[in-house]
Each structure stands twice: as C-alpha cells, then as structure tokens.
There are 2 protein chains.
Amino acid sequence: MPVTIKDIARRARVAHSTVSRALRDDSSIPAHTAERIKRLATRMGYIPSAAARSLKTTQSRALGVVVTNIADPFLSEVVRGIEEAVREAGYSLFLAAAYRDRERERLVLRSLAERRIDGAIICSSQILPADLAELEKFGVPLVLINNQAPERFAHSIAHDDVAGGRAVTRHLLALGHRRVAYLGTPVGGQASLDRQAGYEAEMAAHGLAVKPGWLLAGPDSRPAGGQAGIGLALALAPRPTAVFCFNDMMALGVLQRARQAGLRVPADLSVAGFDDVFVAEYAEPPLTTFAQPKHRLGQDAARLMLDLLQGPRPKQPIVKTIRGELLVRASTGPPPRV
Amino acid sequence: MPVTIKDIARRARVAHSTVSRALRDDSSIPAHTAERIKRLATRMGYIPSAAARSLKTTQSRALGVVVTNIADPFLSEVVRGIEEAVREAGYSLFLAAAYRDRERERLVLRSLAERRIDGAIICSSQILPADLAELEKFGVPLVLINNQAPERFAHSIAHDDVAGGRAVTRHLLALGHRRVAYLGTPVGGQASLDRQAGYEAEMAAHGLAVKPGWLLAGPDSRPAGGQAGIGLALALAPRPTAVFCFNDMMALGVLQRARQAGLRVPADLSVAGFDDVFVAEYAEPPLTTFAQPKHRLGQDAARLMLDLLQGPRPKQPIVKTIRGELLVRASTGPPPRV
DNA sequence: AAGCTCCGTGCACACGTGTGCATCCATCGA
DNA sequence: TCGATGGATGCACACGTGTGCACGGAGCTT
C-alpha cells in the first residue's frame with residue numbers, strides 16, 4: 001500500500017534504479033535530477049522500507065536491548081541513555097525483558113536473532129552465557145552492562161563496584177563506625193559480590209574483622225528484600241551501628257524497618273545505599289549513596305556498540321570501567337556514643 | 001551468512017518452496033517429510049529472517065511504543081505491561097522516547113513508519129495529533145494511553161482520572177478537612193486537568209468553595225516540581241490542611257518541603273498523591289495515594305492493539321476506561337484541631 | 001485400458017531496495 | 001568525420017521468504 005520507489009519512478013518517467021540512486025545521493029545522478037526526484041518523493045509521501053533495505057544490505061540498523069525488568073528504576077535510566085545515543089546514530093531499538101526466566105530469555109534472544117539485529121546490549125545480570133554464545137555465533141556483537149561473566153567472551157562496560165564499595169565503607173569508617181554490616185542479595189549477581197569485596201577490603205585495610213552476622217542477605221533487591229534482610233542484624237548484640245546496602249531500594253526497606261523498630265536514622269543506625277536512584281534524594285532521611293552514572297553507563301555502552309559496528313572486530317574483548325562518586329546525605333552520621 | 005531455506009533445500013534435495021511450506025506446516029506437505037525438514041532446519045541452526053518475511057507478507061509483527069521518558073517510574077511500569085502482552089503474542093517491540101521534543105517526536109514516528117510497524121502505542125501525553133495523523137494515514141492502528149485528545153481520531157485506553165480525583169478528595173473530606181488544595185502541573189496535560197476536575201466536583205458536592213490560592217501548579221511533575229509548587233500554599237493564612245498532588249513524585253517533593261518547614265505529616269498537613277508508584281509505600285510517612293493499575297493499563301492497551309490487528313477495523317474509535325482504587329496509608333489523617 | 005482424481009513437489013514470480021554492468025547519447029579532440 | 005571519452009540512465013539480478021499454478025505419478029473408477 002505505501003509508496004515505493006517504483007511508484008516514484010513511474011511518475012518521474014525513469015527507472016526505479018535511478019530513483020534509488022537519486023535518494024541516496026549517488027554521484028552518478030546529476031544534482032538537478034536528484035532534486036526533482038527528491039521533491040517528488042516527499043510530495044508523494046515516500047517512506048523507505050527498512051525491511052527491504054535490510055534484506056538487501058544485510059544490516060538492520062536496529063539494536064536489541066535485553067533487561068531483566070524495564071520497571072527497575074536503575075535499568076530504566078540505563079535504557080534511557082542507550083536509547084538516546086542509539087537514536088542519534090539513526091538506529092532503532094528493540095526492547096526485550098527476560099525477568100530472570102530461562103524460557104523467556106531464550107525466547108527474546110531468538111526473536112532478536114530473527115530480527116537480524118546488528119548488535120545487542122545486555123543489561124540482564126542473570127543471562128546465561130551459553131544462550132548468548134548462540135547469538136554471538138550468529139555474528140552479532142554483544143556489549144554487556146555490569147555483568148562481568150568469567151567467560152569474558154563479550155565486550156562489556158561495567159561500573160567499578162569494588163571501588164564503590166570501598167568508598168562507601170571508608171565513609172562509614174571515617175564517621176567513626178566500627179561495627180559495619182553489608183546487606184547484599186543473591187539476585188545482585190556479580191555486582192553484589194564486588195560491592196561486598198570492596199567492603200571487606202576496606203574493613204581489612206582498617207584492621208577490622210568482619211564479625212559473623214555482619215554479612216547479610218535479602219531475598220531480592222527491592223525494599224521488601226531490604227526489610228527481610230536487615231531483620232536478624234537488628235537483634236544482634238552488640239548491634240551494627242551502620243549498614244551498607246547493596247542498592248537504594250533495599251536501603252529504603254531498611255529505613256522503614258528501622259523506623260518500625262523505633263530506631264532513629266542516623267542517630268541509632270547509619271544506612272547507606274548504592275546507585276543513587278532518583279528517589280534516594282527524597283527518602284527520609286535523604287539517603288547517603290554511591291552515585292553510579294546510570295545514564296552515562298547506557299550512553300557509553302551504546303557508543304561502544306556503535307564503534308564496534310563501524311570498525312573491524314577487535315581480537316580481544318573490550319572491557320571498559322566507569323566510576324561514580326559518593327553522595328553524602330543525611331542517612332549516615334557518627335555512631336551513637338555508648 | 002545465516003542459514004536460509006535455500007540452504008536447507010539443497011541439503012534436503014527439494015525445492016526451497018517445499019521447505020518453506022514444511023516449516024509453516026502447510027497441509028500439502030506429508031507429515032514425515034515435514035518432520036524430516038524441520039529436524040534438518042534446527043540441526044543447521046536455521047533462524048528465519050523477519051525482514052524477508054515482512055517484505056513478503058507486509059506484516060512486521062512489530063509494534064512501536066512511544067513514551068515521553070522511559071525513566072519515568074509510571075511509564076516504565078506501563079511499558080512493562082505492554083512488553084509482556086506483546087511478547088506473548090509473538091510480536092516485538094520498538095521503544096522510542098520523545099522527551100516532549102517536537103523534533104525528536106517527528107524523528108521517532110518517522111523511524112517507526114520506516115520499520116512498517118503493525119501498530120503503535122502512544123504513552124506520550126504531549127504528542128501532536130497532526131504528527132500522529134501522519135502515521136494513521138499510513139494505515140497504522142494507534143492506541144493512546146491516558147491521552148484523550150479532543151480529536152479522538154484514535155483508539156485509546158485511559159484511567160478515569162475524574163473518578164480518581166473525586167475519590168481522593170472524598171477521602172480527605174471524610175477525614176474532616178475543609179481547606180483542601182490541589183497541586184497540579186501543566187506538564188500533566190489532560191490527566192492533571194481531569195484530576196483537578198474530580199477535586200472541584202467533589203468539593204462542590206460537599207458545598208465547599210475552592211478558595212483562591214488552593215489551585216496550585218508546579219513547573220514539572222517530579223519532586224522538584226512539587227517542592228516549588230507547594231511553596232505559596234504553606235504561607236497562606238489560613239493554611240490548607242490537606243493537599244492533593246497530581247502524582248506521587250510531586251507528593252514526595254511536598255513531603256520534603258513540609259519537613260523543611262517544620263510541619264508534621266499528617267498531624268499538621270495531610271498529603272495525598274496519585275498513581276501508586278512503587279516507592280510511595282516507602283516514603284515517610286507512607287503515602288496515601290490512588291493506585292492506577294499501571295501494569296494492567298499497559299497490558300490492556302497491548303491486548304486492544306492485538307485485537308485490532310486480528311479483526312476488521314472498527315468504524316468508531318474504541319475508548320476504554322479503567323479504574324483504580326484508593327490506597328490509604330499514613331500521609332493523611334484528621335486535620336489539626338484549631 | 002483409458003480417463004479421472006488427488007497427492008506431492010517444483011517452477012516462477014512477487015515483495016522493495018541496491019548495484020554491477022551495459023547502453024545510449026552528447027561532446028570533444030585529432 | 002570518426003573514434004574516444006564520459007556522463008546519464010536502464011536492464012537485470014540479488015537479498016530471503018511465500019504462494020499460485022502446473023506438472024507428474026499413483027491409485028481409482030468405468
């Protein structure tokens with residue numbers, strides 16, 4: 001139904017190949033003819049068919065982005081960065097959510113393969129290397145975000161979570177805390193382990209032992225997971241005076257649980273988060289956190305991908321690291337004097 | 001480079017048309033032959049080309065979703081619902097963000113048209129009807145979410161904001177409040193006007209006049225907009241004892257501003273939001289709000305779209321309305337006794 | 001045994017775009 | 001005047017898939 005170059009050709013009394021060349025500014029077409037054809041094309045409402053073009057050029061000018069959950073405030077910021085950069089370069093974006101579900105994951109990767117995407121950006125920490133390999137075997141370049149799989153078979157860009165974990169811990173120690181807990185979560189994957197590693201390294205650097213009971217874990221990375229995970233620690237004697245949470249969402253849960261327990265933050269308990277999700281600033285008290293540059297993480301991943309699509313395939317996987325900064329707000333303070 | 005049906009045909013010593021039919025379970029191919037070819041196809045790692053298929057069938061099995069900003073916690077929930085429903089039906093999703101920017105908006109609509117999407121779901125309240133008409137002229141069915149343009153040239157599904165606004169206001173009045181303010185925002189578009197209309201209707205139904213100064217407006221729909229918008233009202237004498245905010249994000253800003261002003265919520269000021277963004281529950285105090293079924297809004301929009309793609313074009317635009325429910329938490333209470 | 005039906009398969013073209021090559025014509029130099 | 005040059009355009013095929021139609025053969029009826 002839509003207008004094709006053949007329709008234009010008929011009206012312009014030329015061959016469709018001439019129209020094709022004119023629209024692509026081929027040098028063999030004289031300027032005035034090209035101009036005439038272009039005017040005709042816009043007047044007729046011509047919109048090129050991406051499908052036909054991809055078929056011929058074997059380039060779809062589309063990228064896939066796989067997330068665990070688009071409603072995650074962290075991921076949605078990353079995706080925003082990706083979308084912006086990708087759009088600027090004239091690419092389109094397929095959005096796919098995997099929900100940590102194996103079946104779903106295979107389904108979306110399959111659909112991306114059918115679409116013949118030029119590349120995929122994966123923000124899904126739980127995705128299985130084996131399934132990704134399938135895509136890569138297909139010749140699709142891959143960029144992983146915050147997912148340092150030990151396989152390292154793909155390019156990746158990641159936030160330096162070890163450094164971030166150290167910075168947060170250092171801040172708490174500088175305030176005078178000595179009993180500091182880390183609240184992680186298995187669903188955090190490598191990120192949670194890295195932040196924990198930073199925490200442990202900084203504790204060790206200060207000559208502090210991590211007591212049993214200070215390594216906590218919540219069932220998920222949301223507020224409910226924070227509430228559940230902090231439970232045991234509040235009953236500890238002596239109680240930790242500060243807790244470093246895997247992310248801001250869990251920290252929100254901790255804040256609420258602390259309030260329910262009658263603890264004042266930060267007078268009785270200091271709470272630090274991670275990511276600087278945009279609501280962190282509006283928590284009560286406003287959350288001390290480590291600001292991951294989410295938007296830039298997405299942008300950089302997209303740019304890396306675009307570079308990969310331009311130049312030749314690098315032999316070695318490219319691994320970029322990005323750093324954030326500590327944001328001290330009101331949820332952390334000196335420990336209570338005993 | 002990828003395997004095509006021709007490659008399979010060569011190996012199976014049949015014509016490519018036979019392979020095509022076998023894979024699509026055409027009844028003219030006997031079962032055992034079809035089985036043989038299918039096995040061969042999976043063994044060879046065949047993945048059909050969506051581009052070629054679309055070209056031939058003039059169906060892309062892809063939908064476009066246009067949002068103002070994917071990082072918006074409300075929209076990202078809606079998109080999640082869309083993605084789920086769409087994926088289930090075997091469709092893919094193009095994500096496009098318009099950012100209330102005219103140029104960007106035309107750009108993304110154009111790219112969706114080039115992709116020959118089968119339909120578009122628009123969650124962008126600011127999008128211009130004229131630009132949408134362009135797409136529709138192209139034969140692309142449109143479903144608008146929460147965007148009742150007076151033109152009504154497209155199908156739409158919307159939350160009943162008037163009813164929601166009434167419910168929130170009724171709740172505040174039932175608590176005993178008489179001086180109730182509404183904090184809206186121009187960027188909220190029709191939604192803000194509808195919630196305000198509900199507020200005014202309910203006030204009128206109780207025989208209460210809306211005093212000048214009770215209709216407030218913030219510059220944007222985020223916490224900063226709430227902070228800015230509530231400013232004047234706090235200085236009013238007598239001060240409103242309750243404020244109904246356009247959405248939860250603005251309410252968060254109001255909560256913070258109230259704290260800064262030394263007001264206790266809800267003892268001195270009741271604050272109600274709208275949408276039930278998932279952080280509302282973790283605000284301090286937990287926010288009373290009107291829960292819009294965001295996820296279902298997305299699902300229903302997607303299903304409506306899928307129905308449209310199945311059946312014949314309806315003559316009349318379809319307009320569906322969906323209702324939410326009031327969630328009473330701790331940010332609202334009886335007015336202070338004077 | 002001839003003709004019919006029906007089943008399985010292949011041929012050929014189509015979708016919309018891109019491109020190598022041939023063709024045609026005008027211009028120029030010898 | 002003729003051949004060479006080069007610019008403008010058309011022809012034909014390709015990309016991967018789907019489908020109408022024809023063809024050939026097997027099995028049946030008359």
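Quick note: numbers below take in every heavy atom, side chains included, and nothing from hydrogens, waters or symmetry partners. Sequence lines set the chain letters: A, B, ... in the order given, protein chains first and strands last, and positions in each chain run from 1.
Along DNA chain C, the nucleotide nearest B:Pro30 and the nucleotide nearest B:Ala52 are compared for position; the residue whose nucleotide lies closer to the 5' end is B:Pro30. Taking for each of B:Ser17 and A:Lys56 the nucleotide of DNA chain C with the nearest heavy atom, the 5'-most of the two is the partner of B:Ser17.
Counting only heavy atoms from C-beta on, A:Thr57 has its side chain closest to C:dG18 among C:dG18, D:dC11, C:dG10. Nearest nucleotide to the A:His16 side chain, out of D:dC13, C:dG16, D:dT19: D:dC13. The side chain of B:Arg21 approaches D:dG20 more closely than any other nucleotide in the set C:dT17, D:dG20, D:dG16.
Within 4.0 Å (heavy atoms only), B:Ser28 reaches at least one base atom of the nucleic acid. Using a 4.0 Å heavy-atom cutoff across all strands shown, A:Arg13 reaches sugar-phosphate atoms only and no base atom. When heavy atoms are screened at a 4.0 angstrom cut-off, A:Thr33 is found touching the sugar-phosphate backbone but no base atom.
Residue B:Ser20 has a polar side-chain atom (N or O) positioned under 4.0 Å from OP1 or OP2 of D:dG18. Contact annotation: B:Arg53 does not reach the phosphate of D:dG16 (side-chain N/O to OP1 or OP2, under 4.0 Å).
Heavy-atom neighbours of A:Arg104 CZ from other residues, nucleotides or ligands within 6.0 Å: above the threshold of 12.
You won't find any donor-acceptor pair under 3.5 Å spanning the side chain of A:Thr4 and the base of C:dC15, going by distance alone.
Rounded to an integer number of Å, the gap from A:Arg24 CZ to C:dG20 C1' is 15 Å. One atom, CG of B:Leu55, and another, P of C:dA14, lie 13 Å apart when rounded to the nearest Å. Taking atom CD1 of residue A:Ile5 and atom P of nucleotide D:dT9, one finds them 15 Å apart after rounding to whole Å. Atom OH of A:Tyr46 and atom C1' of C:dG16 are 8 Å apart (whole Å). For the pair A:Arg61 CZ and C:dT17 P, the computed distance is 16 Å after rounding to whole Å. Protein atom CG of B:Asp26 is 15 Å distant from nucleotide atom P of D:dC21, rounded to whole Å. A straight line from CD of B:Glu35 to C1' of C:dG8 spans 17 Å, rounded to a whole angstrom. A straight line from CD of B:Gln59 to C1' of D:dT17 spans 14 Å, rounded to a whole angstrom.
At least one side-chain heavy atom of B:Arg116 sits under 4.5 Å from a side-chain heavy atom of A:Ile47.
The line from OG of B:Ser60 to CZ of B:Phe94 is 7.5 Å long, rounded to the nearest 0.5 Å.
Salt-bridge formation is detected for the pair B:Lys38/B:Asp25: a Lys NZ or Arg NE/NH1/NH2 atom is positioned less than 4.0 Å from an Asp or Glu carboxylate oxygen. Of the charged side-chain nitrogens involved, none lies within less than 4.0 Å of a carboxylate oxygen, so that A:Arg80 and A:Glu83 do not count as a salt-bridged pair.
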